[in-house]
K.L.:
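What follows is a single structure, and I will ask about it in a moment.
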Number of protein chains: 2
Amino acid sequence: MKPALSELEKEVVDIFVRIAGVLSLPRSVGELYGILFISPEPMCIDDLMLKLKISKGSTSQGLKILRSFGAVNPVYVAGDRRDFYAAEAELRKIVAGFVNEQVRPHLDNGKARMARIEGLIDAEETGRKEFIAERIERLQGWQKRAGALLPFALNFIKPE
Amino acid sequence: MKPALSELEKEVVDIFVRIAGVLSLPRSVGELYGILFISPEPMCIDDLMLKLKISKGSTSQGLKILRSFGAVNPVYVAGDRRDFYAAEAELRKIVAGFVNEQVRPHLDNGKARMARIEGLIDAEETGRKEFIAERIERLQGWQKRAGALLPFALNFIKPE
DNA sequence: CGCCTTGTTCATTATATTTTGAACAATCTG
DNA sequence: CAGATTGTTCAAAATATAATGAACAAGGCG
């Protein structure tokens with residue numbers, strides 16, 4: 001295990017750093033998943049912080065996040081007391097985990113808010129009221145459609 | 001036009017502030033779209049900064065971003081030299097604009113990077129090589145599928 | 001039990017992002 | 001054209017987010 005990242009490793013890590021950005025996850029989370037994804041052997045915290053030159057704290061927190069939606073799996077290594085991890089490579093599993101952990105809560109919250117808003121329409125002055133009711137209705141339509149797209153998109157990912 | 005946000009306005013603005021967050025857009029962009037979305041009349045910069053209590057700079061920049069992907073349309077108001085805007089309310093248009101402006105460039109970039117990576121595989125030591133080739137192949141599969149999902153998702157949004 | 005090894009937590013520090021506001025440019029108006 | 005009015009830009013300030021590392025907790029092991 002070389003102490004520095006190879007050209008290929010850098011490229012792969014960079015891909016996942018960008019993905020992390022899109023998903024509003026810390027850069028270090030992308031780095032961790034990236035290096036595990038391209039590593040044939042499972043790695044422990046020491047390996048990871050050495051390879052990526054990040055602190056132990058970041059490594060620990062990053063792995064916690066990755067574990068939270070199943071992007072990383074613990075691997076038992078005989079004769080070593082440390083925790084080793086390997087990247088989960090089945091996209092479906094990762095996406096499902098991510099959606100459940102990080103997306104659903106927001107969607108649920110959104111529904112609650114929409115209910116609250118409905119009650120506020122009546123208080124509007126007439127004239128505005130008609131327009132506003134139309135807009136809220138439209139917003140609900142968007143929300144419903146987003147909710148419908150989600151399971152479909154999940155299904156779009158074939159098992160391998 | 002009241003100087004402060006009503007309860008309903010606050011709720012609606014808050015929804016779009018959250019959406020802006022998910023899309024990695026500044027909070028002020030969400031505020032601007034939100035207040036325009038729920039406003040029966042088109043608004044100018046002065047209206048917006050007064051209503052939202054944000055600076056002229058933020059307002060100008062925020063509107064620029066919203067214009068860039070067609071989330072907001074200029075509206076001519078007779079006898080007023082200022083620029084007025086109304087929210088584009090057709091979801092399909094906004095999403096299409098956003099994808100073209102903010103998503104496509106990244107996808108294209110991704111393809112280029114993947115090509116570069118392919119060339120790096122051969123340099124790997126045997127043993128690692130087999131595993132790494134499998135991973136890169138998998139990554140390409142993901143990329144291809146994401147590219148396929150996009151047009152489908154766009155089509156999922158019915159015109160109204 | 002006393003000493004390692006390992007992983008986690010969290011206050012502090014560092015970094016990245018957003019907002020502000022004043023200077024500027026552009027355009028209208030009399 | 002001179003003076004307003006309006007919108008944009010961008011350096012500096014404010015804010016939000018992530019990384020660091022030392023203190024701590026939890027287990028193992030002799």
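Treat the numbers as computed from the prediction; the structure is a model and nothing was measured. So you know, we letter chains A, B, ... as the sequences are listed, proteins then strands, and number each from 1.
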K.L.:
Nearest to the side chain of A/Arg67 - D/dG7, C/dT19, C/dT8?
P.N.:
C/dT8
K.L.:
If I take atom CD in residue A/Glu31 and atom P in nucleotide D/dA18, what distance separates them, rounded to the nearest angstrom?
P.N.:
13 Å
K.L.:
Let me know the distance between CD1 of A/Ile45 and C1' of C/dT6, rounded to the nearest Å.
P.N.:
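My rounded result for the distance is 8 Å.
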K.L.:
How many angstroms lie between CD in B/Gln143 and NZ in B/Lys111, if you round to the nearest 0.5 Å?
P.N.:
7.5 Å
K.L.:
Given atom CG of B/Leu63 and atom P of D/dT6, what is their separation to the nearest angstrom?
P.N.:
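It works out to 15 Å between those atoms.
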K.L.:
Find out if a path of hydrophobic residues (ILVMFWY) with successive side-chain heavy-atom gaps under 4.5 Å connects B/Leu150 to B/Phe69.
P.N.:
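Yes: a chain of side-chain contacts under 4.5 Å links B/Leu150 to B/Phe69.
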K.L.:
To the nearest Å, give me how far apart CG (A/Asp46) and P (C/dG7) are.
P.N.:
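Those two atoms, CG and P, are 7 Å apart.
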K.L.:
Which of these nucleotides, C/dT18, C/dG7, D/dT9, is closest to any side-chain atom of A/Ser60?
P.N.:
C/dG7
K.L.:
Please give, in whole Å, the distance from D/dA19 P to A/Leu48 CG?
P.N.:
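These atoms are roughly 14 Å apart.
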K.L.:
Take atom CZ of A/Arg27 and atom C1' of D/dA19, then tell me their distance rounded to the nearest Å.
P.N.:
11 Å
K.L.:
Step through it carefully: locate the ring centre of A/Tyr76, locate the ring centre of A/Phe84, and say whether they are under 6.0 Å apart.
P.N.:
no
K.L.:
The side chain of B/Ser55 lies closest to which of these nucleotides: D/dA19, C/dG21, C/dG7?
P.N.:
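Minimum distance to the B/Ser55 side chain belongs to C/dG21.
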K.L.:
Before we go on, tell me: are the rings of B/Trp142 and A/Phe156 under 6.0 Å apart, centre to centre?
P.N.:
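Between A/Phe156 and B/Trp142, which both carry aromatic rings, the centre distance is not below 6.0 Å.
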K.L.:
Please enumerate all residues that pass side-chain contact (heavy atoms from CB on, under 4.5 Å) together with A/Lys64, with sequence neighbours excluded.
P.N.:
A/Arg67
K.L.:
Looking only at the side chain of B/Ser28 (C-beta and beyond, no hydrogens), which of the listed nucleotides D/dG21, D/dA18, C/dT19 gets closest?
P.N.:
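Of all the options, the side chain of B/Ser28 is nearest to C/dT19.
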K.L.:
Side-chain N or O of A/Ser58 less than 4.0 angstrom from OP1 or OP2 on D/dT20?
P.N.:
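For D/dT20, OP1 or OP2 has a side-chain N or O of A/Ser58 closer than 4.0 Å.
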K.L.:
Would you indicate which nucleotide in C/dT19, D/dA19, C/dT5 comes nearest to any side-chain atom of A/Arg81?
P.N.:
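Selected nucleotide: C/dT5.
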K.L.:
Can you tell me the distance, in whole Å, between the CG atom of A/Asp80 and the C1' atom of D/dG27?
P.N.:
15 Å
K.L.:
If the cut-off is 4.0 Å, is A/Lys53 near the phosphate of D/dA19, judged by side-chain N/O to OP1 or OP2?
P.N.:
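The answer is no; no side-chain N or O of A/Lys53 sits under 4.0 Å from OP1 or OP2.
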K.L.:
Nearest of D/dT9, D/dA19, D/dG7 to any side-chain atom of B/Arg82?
P.N.:
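Looking only at heavy atoms from C-beta outward on B/Arg82, the closest nucleotide is D/dG7.
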K.L.:
Check this one for me: any side-chain N or O of A/Lys56 less than 4.0 Å away from OP1 or OP2 of D/dA19?
P.N.:
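For D/dA19, OP1/OP2 do not have a side-chain N/O of A/Lys56 under 4.0 Å.
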K.L.:
May I have the distance from A/Gln61 (atom CD) to C/dT12 (atom P), rounded to whole angstrom?
P.N.:
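Nearest whole value for this atom pair: 16 Å.
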